[in-house]
Structure formats: structure tokens, C-alpha cells
Amino acid sequence: MSDAEKNFEVPAYDAEAIETKWQAAWEADELYKTEEDPSKPKKYVLEMFPYPSGDLHMGHARNYTIGDAMARQARMRGFDVLHPMGYDAFGLPAENAAIKHNTQASVWTHQNIDQATKTMRRMGFSYDYDRMFNTCDPEYYKWGQWIFLKMWEKGLVYRDTSPVNWCPGCQTVLANEQVVDGKCWRCGSIPEKRPLSQWYFKITDYAQELLDDLKLLEGKWPERVRAMQANWIGRSEGAEIDFALADVDGITPTDTKITVFTTRPDTLFGVSFFLLPPESPLAAELVAGTEHEAAFLELKAAAEKVSSVDRQGSEREKHGVFTGRYVINPVNGRPAPIWVADYVLMDYGTGAVMGVPCGDQRDFDFAKKYGLEIAPIICEKDDPLYDDLKDERELRVTSVDWDHAMEAEGYLVQSGRFTGMKGGKHSEAVDAIIEWLGEQGLGRKTVQFRLRDWLISRQRYWGNPIPMIHCDCCGDVPVPYDQLPVTLPDNLDLGAGETLAEYAPFYETTCPKCGKPAKRITDTMDTFTCSSWYYLRYCDPHNEELPFSKEAVDRWMPVDNYIGGIEHAILHLLYSRFFTKVLRDLGMIDCDEPFENLLCQGMVKDANGDTMSKSKGNVVPPSSVIEPFGADTMRLAILFIAPPEKDFNWDEEAVAGANRFIKRAWRVVWMLSQGAAAGAVDAGALDAAGKELWRTVNAMGLKCTADFDRCQFNTAISAVMEITNAASKYVNDVAAEKRDAALSFAAADTIVTMLAPICPHWAEELWHEALRQEGSVYNAAWPEFDEAAAKADEVEIAVQIKGKVRGRVTVAADASDEEVEVAAKAAVADQLAGKEIKKVIVIKGRLVNIVAV
RNA sequence: GCCCGAGUGGCGGAAUUGGCAGACGCGACGGUCUCAAAAACCGUUGAGGCAACUCGUGCGGGUUCGAGCCCCGCCUCGGGCACCA
């Protein structure tokens, strides 16, 4: 160690002092206000905004740390960055807390928001706080109502009475997406089916586009999220086929034909029965007054009792009753008995199914149970059955003891003119039968989706009121635009159980059309409507004329990097895509998809790999790391432990390790700063130690930059660690007066600026105090690196014989393949003696493989 | 049942997409400093072997000069959808 160093004392790293100092300075300078500089390329970085149900937890900390590192680095790379934050503030937890504590939901919500915002500032996140809003602000939800009305005008909103999921825990209805594993997504209660008049958004109008545009997101969204959405939308191609009702003596059914949806029209000849769901009004008509009615009613009552959880799982036994009626198979004129079965869904397809036991496991099980015909109509050509049945004229049925339905692939038998054709999904037989049915006017090609319309009305107080009025004369009438917002009253006695529906000052009004007394709709909108467009409002948060201006969203949309949890893979991310397409069709935005790149961060679990929860008592609050180590250590640890999309288990040793590194790098930067001077590094003038450090700075600088580009913060950090290690060696090995001033500065500058997006306070302090720079490191340029300087003059390469490493040789980095080959052969000459060299493969800078026998 | 994703040291995880497996870190071990400990710093650390070497990326095959990476057949774990006709 040199004398200069002995005399130089590195200041202690006091995270607490540094962090509070810079947070205050940044706030005073409004450092993170969005630039709005159109001369720069834009980057919109967004983290899913939180629900303010308490203080932020580790999951939030991870989510926002990832986004903040991205946003800060983008700024340093020369982008005009939009990086906002806000709160998804409507919802049941606030209302429940208000009821429990006999207060107002807004009070509880704002308390939590204040606390969470404090924590955000304490973490040093670079949000433009001027753009912050809460969805429960009337200035925000007014525009949610405005969008609702636009959708109403477009015919995308309707009211319907049908059985819906009623959550007894939350005392409100739920959308299909909000019933997860048969349970309420929020409280875990098991929803009941209730027929209620409810409001819907017609998301099914966009089913095809929502599916198709997933292709635009290929490689940009995680594969599993795209797969989940495709799964949820659930497109099936098939045909509708009309079956005529037969044997209707004594009744006059509403319709004389019943249409089924099937994905397998090729199995039409194998229909041996016909199925209706228990809720089917037609089924009720068919059995009315007959000997079958009692059994039918019993089945219907039993089916209604089955909960959504029990409905899950294909293991459940199927139940059915015969109606005494028949339909005629359009393809061969055979009558098929109509049964009512509890495995048939009323709200999928046409609510009627053709029973083909030989091709469908469920139909097979049902046929076996009730002794119904099984007609083999599809098999492989090498099956003896094929020759046996291919010339049948009269359908041969069987009760042979098959133990399962036949494979769905194969060739058709006893299928009239279609016999011998290849059957199966998307097969020639499917096309041929659809064509034939079309010619006969008996069927047509069609597509079905699993996706249902989005039920958005909630019978709860703490939400955005649906801006509609019900008038006995005029029906449902929209609230005029100039009367928006319909303001949520803030003086309900929630503790006493008062609801909007009972609160006359809210619901009493007059009809905007006829002027007579009328009643406001007292349902509020699903909170997911609030979060479906908030990213657009951030582009123009103070607009009083519109939800947002076209100009603002054209500037910022789409969100370039969206970061959030996988739990929204279907819910929020599907709804937001839907809103974006609707608003596009309203001419308000130009983009088709809201989120260009999606990163779903993994969960933070406890040390044993269990999810953290209050009830388990294993929650590690962010403050438990910030207090002893500081926000920078916390941020570094979160990003270094694992790649962002992976789950990780909280590890105190790893946090201590991150803190050790931050202190080590602190010391190294200070040491380098002694005698350092900014300037161009003259690589030719460096000594061997200097050359090695310069090479590492450039090689690892390039790697770190590339790793930021692919959001691999763990390896980006490891690259900075390698520079720090190399710099540490340099300051240890080379006396201060012999060090290169420009190199010392460059190495220190690289460590500080590349760590700045991750440890902003640490970097800011070193930037000013050690490197003596003006202005914030946030505005510093991301360092540039030199490919040529990243390469060593000489490289050691492996010499393989038939793929096994047999020696090593050091060659000049720019040596030709021929030179390398000669050197390699010389290095393993003894082992090549007496062998014939068949081939030599030279991989530049890596290895030589000599194939010799 | 259908659809995704993942299996690499004691641990978290790397590997520029077919080119020296295990970067970086944690832990462990050894050393320096200290009366001692902590901290810090310097080493060692996939397994087996004294060694030269051998074996090693869930399992079994294959392609290739060369496979963690590509192909075929499995196994295990995680996740999503699900009586969806």
C-alpha cells in the first residue's frame, strides 16, 4: 500500500444519512418530473399500481425495484421516460375495514395511501409524483363513467337477467374471471348461482381479436401468459347442426328443431342419443305433464344444489333422465332419445349436445351407465372392425364391453357416403359433412368461444357508480355527460350496514328524458374497470376536458415495459387489452395493444419457500431491511438474488452479501478517485495491470449493458462485481502514484453509473463526493464501451483431440486460423504422434478440435 | 384429459443460443490482522483419484468433430384450463 493511501481514509458508508439527504434533494429539485422532450425517443415504464390495503410488502418492493431500475437506466440511455405511480383505490377491503371500524372507506384508503407513498419515497423510486392519482378521486372516476357511456352508445353495455355468481362473503356478484378454482378470487367463499339482473360489457365482441392479437405479443409477453389468455378465450371451431324434434304428440314446443354445437361433425353418424341441460326451458316443456316430469324436476333440483367447486373435476358421476321424446338425426333419419344430463352446460354453444359414445369419453360413460346404444363409426383401417363395418347399410349398434371411448382419430365406417374418409378434428370428413349439411340447409360452420361477457355491476358501495338512471317510462337512461361525475356519497353509515341501494339522497333523481321521478342505478362498477385504462390517464392526468388527449397518448402509448404479478395474467391484462381496443375503435387512441413488453416478476417467499402472509406470521416487511441496511442494499439484494421472473426465497445471508458488496464497491470507488482525472484512456500507455483493468471495464461494461437490455439484472450486477473485483486488485497491486489517472476515473465512473439505476442514493453520493461531478447521476450518460478494448491481446484456447481437452495454447487474439492450428498441433504434438489427422476445426478465440485417429 | 414452463455443485444462479459446464454471489474450509472475537482483506472450494486421468447439466436413445443447448422416447416438479360437446 502506498503512502498516499495510508494517509487517505475512506469515508464510512452511512446508508441512512446518504439516503435521507438525497431523497430530500431530489424532491426539492423535482428531479423525477417527466421531461416531455419530443426530440428524444420515449419510453413508458409502468409497474402495476397497488391496492392500498396497508403498507407495501416485499412483493411490491420487488415489482417497483425492477421498474425503477429499468426507468432510470432508460433515462441514462437518452430516453424521455414516463414513470408514474398511483393507487387502485376502490374495492371491498376498504369498505370492509370501514364497516369494521365504523368509519368511511375514503379515510381508511387515504391513510394507507399516505403510508405507502412514504415507503415509495423511502425506497427512492423515481416516480413523477405530479402524475399520481387514486382511482377513487372523482376527477379520475368521472372519466370511467364517461367511457362507460361511450361504450353504452356503442352497444357494448347491456343489462341481462341470468344465473350469475353471487359471492356470499362479499355480498355481491362476480365476473367469471373472478371465480378462481370455483372460489371467490378475493375472499375464497364459494359463489352461488343466482338469477339476477346485471350489467355486462360485451367483451365477447372482441374475442377473436383478443385471441388473434396475442400473436403480436409473441416474444414480448411471457409464453405462459399468452397461453393462459388463449386458453381462457377458448376458441373452438365446429358446426351447428339442426335436429328435428320427433314424437311431439300432446305438446306444442316453442320450436320444432334443436340446434347443437359440435367440434366433431364427422361423428354425426354415431349419434345415439341427444342431451339437454337441466336448466333447459325446452326440456321442461318436453316433459311437462308426462310420466318423466317428476324425475326431471328431481334432477334439476339436484343440479342446482351442486356448488361450483363440486362442479370441477371430470371424476364426478353423470346423472341423466329420459324425456320420452326423440330427435331425428338429419344424416340418416334415425331417431335419438332426448335425455337431460347434468354434465351439459346451458351457456356454452347452443346449450344442447349430440351424444356420440364411440368418440367422446363423457358420452361413452353416460351411455354405459344408462344402457344406451353405442355405434362404432370411426376406427383405424388395420382394425378388423373397419372391414367388418365399412359396407354396412343399416347402422349396427353394439353393447360390446368396450372399456373406453374409441380413439378420436381414424377412418369413418358405416357413415354412408363419408365412409372411408379420414375423421378427427380439422379432418377431411369434417369439411365434407359441413359442406353436405350446408347444401341441405341443416347445418353450418361456426366458431364458439369459452369467453363470456364481462359482468361489471357490483352491489357494493365503494366503487365507481354506474352512470345510469332507471325510469319506469323510459327504461334505462344514461346520465347526461354534463352531469358527470355521479359522485359517490361519503356520509353513508357503513358501520350500521347502510348501502347505496338504501340511501335515498343518492338514488332519488329525475329521468333525463321525460323528467319524471326516477331511480339511479345503485350498483357500482367492478374495480377492474378502473384499472383497465389508468395507464392512459397517466399520459395526461390533469385533463379536465377528456379522459386523456389524443396527443398525449400518441406520444406515450403503448407502455414499453409493464411489470407486475402473474396473478393478473387473465383478469387485469385481458380487461385492459379489451379497453384498449374499444377506445381505439372510439378513435381515442391508435394502438392495438396497451402493453408492448410484459414482465411478470416472481414471488418473494419466506426462507422455507412458503408464501408470506399475515396469517402465517412469516411476513418480512421492507422496513426490516431498510432500517439496518438502507434502501440501496434492499434494491440490490432483490435484483441480485434471482432473475426477475423467478420466485425466490427470502435469504438474510444474501442481503448481508449485497450489503457487503455495496460497501466494498464504495471503498474501491473512493480509492480509485484518489488521483483520478476524467479524460480519454490511452490504452497503449497502460501497464499490464492497467490493461487488464481496462479490458475488464470494457468487456463487463458491454455485458452489463446487454443484460440491462434483456432485464437480467442479476447478471448485470455480476458484471459490475467483476469490474469492482478487477478495480480492487488494481488499487491493491498498483501504488497510487503509478496508477493511470484517466483509467482510474473511467473505472470508478463505470461502477457508479452502472449501479446508479439499482443503488441510486449510493451512486449519487459517490458521483458528487468521490467523483466530484455536477448535477445528478440520474442525468448522467450511460457509459459507452469499446468492443476492441474488451478483447485481450492474447487468449488461451483449449486444444481438443476428438472433442476432449488435451492441452492449452496461448495465441495472439488476432491470429489467423492457420496460425492457431499450427500452434495447437504443436501443443499436443506428442499425443498426435502416429495418428492420422482427419479434420481440424478452429473456433476463434475459444478452441481447436483436432479429429485424429 | 388439454395447454404452458422448469429440472445444472451444499445453496441462489451463469453459460454471448452448438464450442473449455459451474461466471457472480452465498455457505464452507484455510490464511493475514487481533490477547480473543467480530469486521475487513488474501486464498481454496463439482465428484472420484497420490497422480496422469476418469466421471459429471432428471432418465434412455439419436444427430454432430463437438450437445446443458438440437431431434425421438420417457420421468419428476410447478402453473393454467377443464363434464366447454
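Each chain gets a letter, A, B and so on, in the order its sequence line appears, and its residues count up from 1. When reading the values below, keep in mind they use all heavy atoms of this one structure, side chains included, and skip hydrogens, waters and symmetry mates.
Residues passing the ring pair (Phe, Tyr, Trp, His ring centres under 6.0 Å) test with A/H319, sequence neighbours excluded: none. Residues forming a ring pair (Phe, Tyr, Trp, His ring centres under 6.0 Å) with A/F648 (at least two apart in sequence, or on another chain): none.
The base of B/C65 has none of its N or O atoms less than 3.5 Å from a complementary donor or acceptor on the side chain of A/K839. At a cut-off of 3.5 angstrom, counting only N and O atoms as typed in the model, there is a donor on one side and an acceptor on the other between the side-chain of A/R808 and the base of B/C20.
Regarding contacts with the backbone of B/A85, every side-chain N or O of A/Y343 stays at 4.0 angstrom or more from both OP1 and OP2. A sub-4.0 Å separation between OP1 or OP2 of B/C65 and a side-chain N or O of A/K838 is absent. Of the side-chain N and O atoms in A/S236, one or more sit less than 4.0 angstrom from OP1 or OP2 of B/A85. Taking only side-chain nitrogens and oxygens, A/Q229 never comes nearer than 4.0 Å to OP1 or OP2 of B/C3. Neither OP1 nor OP2 of B/G43 sits under 4.0 Å from any side-chain N or O of A/K729. Regarding contacts with the backbone of B/C42, a side-chain N or O of A/N732 is found under 4.0 angstrom from either OP1 or OP2.
Classification of B/U63 as anti follows from a glycosidic angle more than 90° from 0. Classified by its glycosidic torsion, B/G9 falls in the syn category, the angle being within 90° of 0.
A salt bridge links A/R695 to A/E692: one of the charged nitrogens lies within less than 4.0 Å of a carboxylate oxygen. We find that A/D365 and A/K369 are not joined by a salt bridge, their nearest charged nitrogen and carboxylate oxygen being 4.0 Å or further apart. In summary, A/R235 and A/E237 engage in a salt bridge, as defined by a charged side-chain N under 4.0 Å from a carboxylate O. Between A/D181 and A/K183, none of the side-chain N atoms (NZ, or NE/NH1/NH2) sits under 4.0 Å from a carboxylate O, so this pair counts as no salt bridge.
Rounded to whole Å, atom C1' of B/G80 lies 15 Å from atom CH2 of A/W221. Look at OH on A/Y13: it is 19 Å from P on B/A39, rounded to the nearest Å. Regarding A/I233, its CD1 atom lies at a distance of 18 Å from the P atom of B/C3, rounded to whole Å. Between the CG atom of A/N714 and the P atom of B/G22 there is a distance of 18 Å, rounded to whole Å. Per the geometry, CD1 belonging to A/I723 stands 18 Å off P belonging to B/A23, to the nearest Å. What separates CZ of A/R450 from P of B/C83 is a distance of 9 Å, to the nearest Å. In this entry the distance linking CD1 of A/I566 with C1' of B/G80 reads 9 Å, nearest Å. Rounded to whole Å, the distance from CD1 on A/I338 to P on B/A85 is 22 Å.
The nucleotide whose nearest atom lies closest to any side-chain atom of A/D342 is, among B/C24, B/A82, B/C83, B/C83. When distances are taken from the side chain of A/I843 to each of B/G19, B/A82, B/A85, the shortest belongs to B/G19. Distance from the side chain of A/Q800 is smallest to B/G19 among B/G80, B/C4, B/G19. Distances were taken from every side-chain heavy atom of A/I841 (C-beta onward) to each of B/G12, B/G19, B/A85; the shortest belongs to B/G19. Comparing B/C20, B/C81, B/C83 by their nearest atom to the side chain of A/K318 picks out B/C83. Across B/G12, B/G79, B/C20, the shortest atom-to-atom separation from the side chain of A/A642 is found for B/G12. Among the nucleotides B/G13, B/C4, B/G79, the one closest to the side chain of A/E223 is B/C4. Candidate nucleotides B/C26, B/A85, B/G79 were compared by shortest atom distance to the side chain of A/E653, and B/C26 ranks first.
If you take SG on A/C600 and CH2 on A/W221, they are separated by 8.0 Å, rounding to the nearest 0.5 Å. In this structure, the separation between NZ on A/K838 and NZ on A/K802 is 10.0 Å, given to the nearest 0.5 Å.
Separation of the P atoms belonging to B/U54 and B/U63 is 23 Å when rounded to the nearest angstrom. Using P as the reference atom, B/G49 and B/C35 are 41 Å apart when rounded to the nearest Å. Across B/C70 and B/U17, the matching C1' atoms stand 11 Å from one another, rounded to whole Å. Rounded to the nearest Å, the gap between the C1' atom of B/G60 and that of B/C65 is 24 Å. Here, B/G73 and B/C4 have their P atoms 14 Å apart, quoted to the whole Å. B/C3 sits 16 Å from B/A82 when the P atoms are compared, rounded to a whole Å. On the P atoms, B/A14 is 32 Å away from B/U64, given to the nearest whole Å. When the P atom is used for both B/G19 and B/C74, the distance is 28 Å, rounded to whole Å.
Backbone-only engagement by A/R806 is indicated by non-hydrogen atom pairs under 4.0 Å involving sugar-phosphate atoms exclusively. Within the nucleic acid shown, A/V353 comes within 4.0 Å of at least one base atom, counting heavy atoms only. Base engagement by A/F640 is indicated by at least one non-hydrogen atom pair under 4.0 Å involving a base atom. Nucleic acid contact class of A/L847 (heavy atoms, under 4.0 Å, all strands): base. Residue A/N849 is in base contact, counting any heavy-atom pair closer than 4.0 Å across all strands shown. Residue-level contact check: A/D647 touches the backbone only, with heavy atoms under 4.0 Å from sugar-phosphate atoms and none from bases. Counting any heavy atom pair closer than 4.0 Å across all strands shown, A/Q448 reaches no nucleic acid atom. Residue A/P643 is classed as a sugar-phosphate contact, given heavy-atom separations below 4.0 Å to backbone atoms only. Note on A/K703: nothing from the nucleic acid sits closer than 4.0 angstrom, heavy atoms only. Residue contacts for A/R224: at a heavy-atom cut-off of 4.0 Å it reaches the sugar-phosphate backbone alone, with no base atom in range. Counting any heavy atom pair closer than 4.0 Å across all strands shown, A/Q712 reaches sugar-phosphate atoms only and no base atom.
Ring planes of A/Y370 and A/F366: tilted class, angle from 30 to 60°.
Residues A/K425 and A/T263 form a side-chain contact, since some pair of their non-hydrogen atoms from C-beta on lies under 4.5 Å apart. Counting only heavy atoms from C-beta outward, the side chains of A/F449 and A/Q208 approach each other to under 4.5 Å. Here the side chains of A/F785 and A/C704 are not in contact, with every heavy-atom distance at 4.5 Å or above.
Comparing A/R660 and A/F261, the nucleotide of RNA chain B nearest to each residue sits closer to the 5' end for A/R660. Heavy-atom nearest nucleotides on RNA chain B were determined for A/K663 and for A/G657, and the one closer to the 5' end corresponds to A/G657.
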(message) Dot-bracket, 5' to 3', for RNA chain B please: Watson-Crick or G-U pairs under 3.5 Å, [ ] where pairs cross earlier ones, | where the partner sits on another strand, dots elsewhere.
(response) (((((((..(((......[....)))((((((.......))))))(((....)))..(((((..]....))))))))))))....
